[in-house]
**Student:** 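Quick one: this structure, given as structure tokens, is what I'll be asking you about.
What's counted below: heavy atoms across the whole structure, side chains too, no hydrogens, waters or symmetry copies. So that the names make sense, note that chain A is the first sequence line, chain B the second, and so on, each numbered from 1.
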Amino acid sequence: MYLDYAIRRFGIMLLVFALAVSINFALPRLTPGDPVEQQLNQLVSTSSGSVGDVKAIVDSYRARFGLDQPVWRQYFDYWGMVLRFDLGFSLANYPERVSESIAGAMPWTLGLLGMATLISFAIGTLMGGLLAWPRAPRWLGWFAAPFLVLSAIPYFLIGVILLFVGAIVYRVFPAGGGFPFDMTPGFNWATVGGILWHATLPALSIVLAQIGSWAIGMRGMLVSVLGEDYIMLAEAKGLTQRRIFLWYAVRNALLPQITKLALTLGHLVSGAILVEVIFSYPGMGYRLYQAIQSKDFFVIQGIVLVLSISIAVTMFVLDLLYPLIDPRITNKRN
Amino acid sequence: MSGPVLEVADLSVRYRTPVGPAYAVDGIGFNLMPRERMGLVGESGSGKSTTVLALMRMIRPPGEISAGHVRLEGRDVLALSEEDLRRTRFARMSLVPQGAMSSLNPVLPIGAQFADLFAAHDIDPDDGHVAGLLSRVGLPPAVAARFPHELSGGMKQRVCIALAIALTPAVILADEPTSALDVVVQKQVLATLGRVQQDIGAAIILIGHDMALMAHFVDRIGVMYAGRLVETGPVKTVFRSPTHPYTKLLIGALPSLTARRAFQGIPGVPPSLTERPPGCPFQTRCPIAEARCRIEAPAPRPVGSDHLVACHLVGPA
Ligand SMILES: Nc1ncnc2c1ncn2[C@@H]1O[C@H](COP(=O)(O)OP(=O)(O)OP(=O)(O)O)[C@@H](O)[C@H]1O
Ligand SMILES: [Mg+2]
């Protein structure tokens with residue numbers, strides 16, 4: 001039964017994937033005129049010479065995409081390229097490949113935003129659960145209050161404040177970048193330390209901004225779960241408070257939180273562009289920002305494709321995990 | 001012969017509400033003998049569930065037990081420490097909840113919900129123990145591996161009964177254990193409850209609306225009205241000669257096969273639990289109320305052997 005379910009979900013993921021690739025294929029072809037040539041010409045006129053050999057790029061572009069071929073042929077070729085993760089060249093940094101550009105930026109985003117999101121999820125969820133628990137210690141309310149307030153402030157504002165205080169007024173943390181300029185990255189503690197040191201402020205701005213909203217969501221869910229009959233019976237059974245809290249209350253209140261987590265992770269890159277921009281962090285968001293600024297068409301297209309695929313994949317992983325946290329899910333017919 | 005297994009005296013529960021305290025249970029008292037089956041009836045809102053929760057000491061804010069004593073096997077339940085109370089629950093006094101459909105944790109398989117009961121009471125059950133409990137309530141052992149949503153309502157109710165007898169308590173409190181089931185399953189589940197209750201030698205308090213079903217099951221019956229116990233007595237006596245005016249109307253309202261007539265309710269509504277006008281709570285609906293009933297609240301008085309009635313206007317039989 002679980003296998004049927006997993007296969008169905010996998011099918012849906014493939015469908016989303018195919019749709020994303022197709023839209024990505026169609027969009028530039030629906031644009032009137034030749035966007036590439038237009039942009040290249042524009043680039044040449046604004047930044048004399050720095051673009052590289054315009055003619056060479058245009059030629060390679062035409063050959064690669066075989067624009068003289070029939071559309072169905074182009075479509076299949078495009079699929080072939082996508083499957084080989086060949087997304088063309090960066091127009092602004094020719095001859096850098098879009099795939100290289102994305103591959104270089106991806107780990108930074110996953111590391112910074114992924115970790116920050118997971119940390120705030122874990123702390124916020126636990127905090128929210130305890131806030132709703134009648135037997136939790138009193139001081140917790142005082143401890144949590146600042147986070148609830150911070151959740152009302154947009155994360156990029158917190159980022160700007162942290163940057164100002166931590167890097168400009170007190171100069172404790174670097175003002176930008178992913179690791180020290182004068183360092184050759186390698187597998188050693190100095191590298192790890194440098195990376196963490198640079199990640200502190202951007203990560204903190206996300207964590208501070210998000211803990212409160214995780215806590216508020218969890219508190220609301222837990223309050224409604226506490227009114228359920230199974231909590232009453234659990235208490236009547238004489239279970240320990242710890243068992244009731246973790247396995248009856250939190251376990252049941254977690255489901256919507258997990259959904260929210262998956263959605264947040266799926267939109268990781270687009271969700272925190274501003275943080276990466278504020279801290280010049282070399283991740284996908286910053287790369288996308290640069291690409292948009294320089295009208296680097298293929299990089300934008302590539303990042304958008306990777307984004308849609310990553311959302312489809314997270315949703316698939318989430319679908320696989322759902323039945324494990326809520327056994328009622330597989331039974332639902334859809 | 002030993003004394004009562006459960007003694008309740010002057011038990012009161014009030015809920016804090018915006019318009020003042022609501023006395024959901026108002027000074028009730030009764031004794032429950034070992035192995036005895038006692039029924040508690042009364043219309044919706046009369047305080048039956050609140051009584052049961054108070055006996056388990058599970059009234060939550062804004063409610064509180066404002067007065068009274070509950071003695072279970074001689075121990076004062078209301079004075080137990082948190083930890084002793086936790087260990088007493090289900091081990092000495094268990095509960096079959098009113099909403100059995102939703103009383104099982106949806107994310108844990110049935111077996112785990114037995115396992116945590118045993119673990120909480122430091123019991124290390126033998127391998128076949130859960131299967132044995134399930135078979136006693138007429139369920140196959142495979143149920144242990146199922147999740148609640150995979151069971152029918154009747155099966156969930158049986159699981160709740162199996163949980164309630166798992167630690168062989170002295171008292172089982174069953175709050176309308178069959179109200180969500182169809183008539184046939186109702187009878188089966190009630191029969192099961194009666195059988196296992198006798199097997200383990202527990203006393204039982206059964207709450208219900210269905211007077212006929214009740215009459216077949218219990219030895220003694222208590223009638224609640226607006227948080228008070230207005231009449232208690234052996235079920236045969238109460239059915240044959242109901243004495244409190246409310247009981248009379250309640251039993252008179254039962255449909256009868258022999259005399260077909262328009263369905264008769266009891267006119268009027270129960271009094272507000274917050275205002276608590278002086279005198280008898282039933283005065284507004286009582287066909288025989290007099291001046292005295294509006295001044296003085298009647299205390300339960302014996303009117304026959306083991307038969308108590310809280311009414312000024314009925315004398316000893
Ligand atoms: N949390 C609460 N706050 C305020 N009043 C409450 C609360 N819980 C119960 N009550 C009141 O207590 C009274 C008794 O309720 P209880 O649930 O004990 O009735 P019951 O006899 O079990 O009814 P039913 O047959 O419908 O189950 C009702 O008037 C109800 O409004
Ligand atoms: Mg009730």
**Student:** Would you indicate whether B/D127, at its atom CG, is surrounded by more than 12 heavy atoms from other residues, nucleotides or ligands within a distance under 6.0 Å?
**Tutor:**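 Count not over threshold, so no.
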
**Student:** How many angstroms lie between CZ in B/R60 and CD1 in A/I231, if you round to the nearest 0.5 Å?
**Tutor:**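 Going from CZ on B/R60 over to CD1 on A/I231, the span is 7.5 Å.
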
**Student:** Could you check A/L233 against B/L163 for side-chain contact (heavy atoms from CB on, under 4.5 Å), going step by step and ending with a plain yes or no?
**Tutor:** CA-CA 10 Å; A/L233 187 64; B/L163 281 169; 4.3 Å; yes

**Student:** Measuring only between side-chain heavy atoms, which start at C-beta, is A/D326 closer than 4.5 Å to B/P106?
**Tutor:**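 A side-chain contact under 4.5 Å is absent here.
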
**Student:** Taking side chain as C-beta onward, heavy atoms only, is A/W247 less than 4.5 Å from B/D116?
**Tutor:** no

**Student:** For each of B/Q113, B/R87, B/M56, tally heavy-atom pairs with chain A at distances under 4.5 Å, and name the one with the top tally.
**Tutor:** B/Q113

**Student:** With a sphere of 6.0 Å drawn around CZ of B/R195, does it hold more than 12 non-hydrogen atoms of other residues, nucleotides or ligands?
**Tutor:** yes

**Student:** Which distance, rounded to the nearest 0.5 Å, do you find between the CZ of B/R86 and the CG of A/L239?
**Tutor:**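 Taking CZ in B/R86 and CG in A/L239, the distance rounds to 8.0 Å.
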
**Student:** Taking everything shown except A/M115 itself, do over 12 heavy atoms lie less than 6.0 Å from its CE?
**Tutor:** no

**Student:** Under 4.0 Å between a Lys/Arg side-chain N and an Asp/Glu carboxylate O for A/R328 and B/E150?
**Tutor:**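 Salt bridge flag = no for B/E150 with A/R328.
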
**Student:** What distance separates A/K237 NZ from B/N105 CG, expressed to the nearest 0.5 Å?
**Tutor:**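 Those atoms lie 8.0 Å apart.
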
**Student:** Shortest non-hydrogen contact from B/A120 to A/G238?
**Tutor:** CB-O, 3.5 Å

**Student:** Distance from B/L53 atom CG to A/E235 atom CD, nearest 0.5 Å?
**Tutor:** 10.0 Å

**Student:** Using ring-ring contact (aromatic ring centres under 6.0 Å, His included) as the criterion, list what pairs up with B/F147, not counting sequence neighbours.
**Tutor:** none

**Student:** Against chain A, label B/E82 side chain, backbone, both or neither, depending on which of its atoms sit under 4.5 Å from a heavy atom there.
**Tutor:**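 Contact with chain A: side chain only.
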
**Student:** Can you establish whether the number of heavy atoms outside B/H69 located under 6.0 Å from its atom NE2 is more than 12?
**Tutor:** no

**Student:** Which region of B/S102, side chain (C-beta onward) or backbone (N, CA, C, O), has a non-hydrogen atom less than 4.5 Å from a non-hydrogen atom of chain A, or is it both or neither?
**Tutor:** both

**Student:** If we only count heavy atoms from C-beta on, is the B/V107 to A/I325 side-chain gap below 4.5 Å?
**Tutor:**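 Of all side-chain heavy-atom pairs linking A/I325 with B/V107, none is under 4.5 Å.
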
**Student:** I want to check something: taking the side chain as every heavy atom from C-beta on, are B/S103 and A/M232 in contact at a cut-off of under 4.5 Å?
**Tutor:**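 When only atoms from C-beta onward are counted, A/M232 and B/S103 do not touch, as no gap falls below 4.5 Å.
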
